[in-house]
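Source: prediction; values computed, not measured. Residue indices begin at 1 and follow the sequence shown.
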Amino acid sequence: MTAGPPAPTQRQRLKAIIGGSTGNLVEWYDWYAYSAFTLYFAPHFFPSEDRTAQLLSAAGIFAVGFLMRPIGAWLMGVYADRHGRKSGLTLSVALMCAGSLLIGVTPDYETIGVAAPMLLVLARLMQGLSIGGEYGASATYLSEMAGRNRRGFFSSFQYVTLIAGQLVAICVLLILQALLTVEQLDSWGWRIPFFIGGALAIIVFWLRQGLAETQSFANAKAEGAPKSGFFELITRHPRETLTVMMLTAGGTIAFYAYSIYMQKFLVNTSGLSRETASQINAITLFLFMLLQPVAGALSDRIGRRPLMISFGVLGVICTYPIFSTLARTTDPTVAGLLVMAGLLIVTGYTSINAVVKAELFPAHIRALGVALPYALANTLFGGTAEFVALWFKQAGMEQAFYIYVSIMIAISLAVYVRMRETAQHSRILEG
């Protein structure tokens, strides 16, 4: 057996986690910019007199982007397991850059007709491929670079930067709303965030080339571990694969319901202005972001299961009351408090989901094991959450969406209760 590299120092760990997190932030900013600016660009790609119909079409393409996530998770998960976490992270950001720039330069429907939404679909497919690989590579990288006793804390920055990417997208929206007139923003201003995302992705591509590789990957390669691949995953690790899918289902739909879809819900159902909805979304997401490392550190002390179980129980009990009350309120303060309550509950999942998944798999197949089942669950439930919610609304059954979210959380809760504590049985062997 060939000796692996020495364990990184705390300074090296911190540098790597900051570097990996920065790239993760830009990737998710590019992904979320689409959702943040949907209210402005939807009329350019989907001409209609019905706002809900426009949003439904745009949400459909948002869901289509998720269809590429399992493919991206599979291809780049295998790539990151075989060639290194750093290589996988670099490849994913290059694809995201291309997708963002394509959205920014695509002419509207009036100019090129049906080619406009077709190019929008192509861009989202590229971004879906990218983000499918990004989640597994970044979650694996951060979990492996963290020390044994602070793994929950450091890996929580995967969602800190994920939320930060969404928050930056919303802040760009708020700045543009302040600097541009409504007419300017509706006409051409919505393109600006996609050019910003493309430029930032180019910078991150350069930064990621300087990241250090993880000790776990180096040790697995030195020991001649089996090659990562789809059949290796489903034949050798079927239980872990199914566990990741089922524990993700409720968490991802709850996260998208309270973050991505919430901006539209506050405008389209509660009747708040677009500016007020954006402000509420920005404030609550900022507070939500700050909660992640706190909960991650708590999991290092008490374990991962208590946090996930608390999310499951409170999610089942509180989702319907929160959404039904939000639907009737016109007070921005009350709306903000209700959204924050939902996000506080979801923190029990988001803060530790990356490390829980990484701790289930051995190093030689960890990136694929984290990425692929997560991407499948995310495609089925997270990516369709907004579309399902708008479909129920258009059908006059909006409350059915609240029930749907509650049921999915209950399914994941059953998994949380039955699974063993990953902090005590972690397969990340390096300390």
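Looking at every heavy atom in both residues, Phe288 comes nearest to Met340 through N-CE, 3.8 Å. Taking both residues in full, the closest heavy atoms of Thr161 and Trp28 are given as O-CB, 4.5 Å, listed atom of the first, atom of the second, then distance. What you find for Ser138 and Leu89 is that their closest heavy atoms are N-CD2, 3.7 Å. Minimum heavy-atom separation, Ser100 to Gln127: OG-NE2, 3.0 Å. Smallest separation of non-hydrogen atoms from Ala201 and Cys97: CB-CB, 3.4 Å. When every heavy atom of Ser351 is checked against every heavy atom of Gly296, the shortest pair comes out as CB-N, 4.0 Å.
Within a 6.0 Å sphere centred on CZ of Arg236, other residues, nucleotides and ligands contribute 12 heavy atoms or fewer. Taking a 6.0 Å sphere around CZ of Phe286, one finds it holds 12 or fewer heavy atoms contributed by other residues, nucleotides or ligands.
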Derivation of the salt bridge (charged side-chain N to carboxylate O under 4.0 Å, His left out) call for Glu232 and Lys227: CA-CA 8 Å; Glu232 169 75 10; Lys227 285 187 177 182; over 6 Å; no
Test Trp391 against Phe401 for side chain to side chain contact (heavy atoms under 4.5 Å, CB included), laying out the working first. CA-CA 9 Å; Trp391 184 88; Phe401 177 68; over 6 Å; no
Please assess Thr379 against Leu376 for the test side chain to side chain contact (heavy atoms under 4.5 Å, CB included), listing each intermediate value before the final yes or no. CA-CA 5 Å; Thr379 297; Leu376 289 169; 5.9 Å; no
Any chance you could lay out the side-chain hydrogen bond (donor to acceptor under 3.5 Å, both in side chains) test for Gln177 and Tyr40, step after step, and finish with the verdict? CA-CA 11 Å; Gln177 285 173 338; Tyr40 292 96; 2.8 Å; yes
What verdict does the salt bridge (charged side-chain N to carboxylate O under 4.0 Å, His left out) test give for Arg366 and Glu144, after you've listed the backbone C-alpha separation in whole Å, the side-chain angles of each residue and the deciding distance to 0.1 Å? CA-CA 10 Å; Arg366 186 170 295 140; Glu144 290 179 348; 2.7 Å; yes
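Between Tyr374 and Tyr135, the ring planes are parallel. Angles under 30° get that label, and only those over 60° would be called perpendicular. Ring pair Phe153/Phe157 is perpendicular by interplanar angle, where above 60° counts as perpendicular and below 30° as parallel. The aromatic rings of Phe311 and Tyr349 are tilted relative to each other, their planes meeting at an angle between 30° and 60°.
Considering CD of Gln158 and OG1 of Thr350, their distance stands at 10.0 Å, rounded to 0.5 Å. Rounding to the nearest 0.5 Å gives a distance of 11.0 Å between OG of Ser21 and CG of Leu162. Note that CG of Leu125 and CG of Leu120 are 9.5 Å apart. Values are rounded to the nearest 0.5 Å. Going from atom OH of Tyr320 over to atom CD1 of Ile403 covers 5.5 Å, rounded to the nearest 0.5 Å. If you take OG on Ser259 and CG on Leu167, they are separated by 11.5 Å, rounding to the nearest 0.5 Å. One distance of note links NZ of Lys357 with OG1 of Thr243; it measures 11.5 Å at 0.5 Å rounding.
Side-chain contact check for Ile202 versus Trp206: every heavy-atom pair is 4.5 Å or farther apart. Using a 4.5 Å cut-off on side-chain heavy atoms (C-beta onward), Tyr79 and Ser87 make contact. Side chains of Val160 and Pro293 form a contact here, defined as non-hydrogen atoms less than 4.5 Å apart. The closest side-chain heavy-atom distance from Phe361 to Val244 is below 4.5 Å. At least one side-chain heavy atom of Gln166 sits under 4.5 Å from a side-chain heavy atom of Ile260. Contact annotation: the side chain of Phe230 approaches that of Ile234 to within less than 4.5 Å [non-hydrogen atoms, C-beta and beyond]. Annotation: side chain of Phe154 is not in contact with side chain of Leu142 (no heavy-atom distance under 4.5 Å). Using a 4.5 Å heavy-atom threshold, the side chains of Phe194 and Asp30 count as separate.
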Enumerate donor-acceptor pairs with a distance under 3.5 Å from any side-chain N or O in residues 329-339 to protein atoms, sequence neighbours excluded.
{"residue": "Thr329", "atom": "OG1", "partner": "Asp331", "partner atom": "N", "Å": "3.3"}
{"residue": "Asp331", "atom": "OD1", "partner": "Thr333", "partner atom": "N", "Å": "2.9"}

Can you give the donor-acceptor pairs under 3.5 Å from side chains of residues 66-74 to other protein atoms, not counting sequence neighbours?
{"residue": "Arg69", "atom": "NH1", "partner": "Tyr256", "partner atom": "OH", "Å": "3.4"}
{"residue": "Arg69", "atom": "NH1", "partner": "Asn378", "partner atom": "OD1", "Å": "3.1"}
{"residue": "Arg69", "atom": "NH2", "partner": "Asn378", "partner atom": "OD1", "Å": "3.4"}

Acceptor/donor pairs from residues 414-424 side chains to any protein atom, 3.5 angstrom cut, sequence neighbours excluded:
{"residue": "Tyr416", "atom": "OH", "partner": "Leu247", "partner atom": "O", "Å": "2.8"}
{"residue": "Glu421", "atom": "OE1", "partner": "Arg304", "partner atom": "N", "Å": "3.0"}
{"residue": "Glu421", "atom": "OE1", "partner": "Arg305", "partner atom": "N", "Å": "3.1"}
{"residue": "Glu421", "atom": "OE2", "partner": "Arg304", "partner atom": "N", "Å": "2.8"}
{"residue": "Glu421", "atom": "OE2", "partner": "Ala423", "partner atom": "N", "Å": "3.1"}
{"residue": "Thr422", "atom": "OG1", "partner": "Glu359", "partner atom": "OE1", "Å": "2.7"}

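Although no hydrogens or angles enter the test, the distance criterion places no donor-acceptor pair under 3.5 Å between the side chain of Thr269 and the main chain of Leu266. Counting only distance, with no hydrogens or angles, the side chain of Arg328 and the backbone of Ser324 share a donor-acceptor pair below 3.5 Å. Ser310 contributes a side-chain N or O that, together with a main-chain N or O of Leu307, makes up a donor-acceptor pair within less than 3.5 Å. Of the possible polar contacts, one joining the Ser412 side chain to the Met246 backbone as a donor-acceptor pair under 3.5 Å is found. Distance alone, capped at 3.5 Å, is enough to place a donor-acceptor pair between the Thr284 side chain and the Asn281 backbone. Looking only at distances, no side-chain donor or acceptor of Ser130 sits under 3.5 Å from a matching main-chain atom of Leu95. Using a distance-only test at 3.5 Å, with no hydrogens or angles considered, no donor-acceptor pair links the side chain of Thr276 to the main chain of Leu272. The main-chain N or O of Ile322 is never found under 3.5 Å from a side-chain atom of Thr325 such that the two would form a donor-acceptor pair. Between the Thr252 side chain and the Thr248 main chain, no donor and acceptor come within less than 3.5 Å of each other.
Side-chain contact annotation: Thr140 with Ser143, donor-acceptor N/O pair under 3.5 Å absent. For the residue pair Glu27 / Tyr32, no side-chain donor-acceptor distance below 3.5 Å is found, with atom types taken as modelled. No side-chain donor-acceptor contact under 3.5 Å links Lys86 and Thr214.
Screening Ile280, Leu285, Leu173 for a side-chain contact (heavy atoms from CB on, under 4.5 Å) involving Gln263 leaves a single residue, Leu173.
In terms of the side chain to side chain donor-acceptor pair (under 3.5 Å) criterion, Tyr29 has no residue partners (sequence neighbours excluded). Legend: residues meeting salt bridge (Lys or Arg N to Asp or Glu O under 4.0 Å) with Asp81, ordered by chain and number and at least two apart, are Arg85. Annotation: ring-ring contact (aromatic ring centres under 6.0 Å, His included) contacts of Phe392 (sequence neighbours excluded): none.
The residues Arg208 and Glu134 are annotated as salt-bridged, a charged nitrogen and a carboxylate oxygen being separated by less than 4.0 angstrom.
Ring centroids of Phe265 and Phe323 are separated by less than 6.0 Å, placing the two rings close together.
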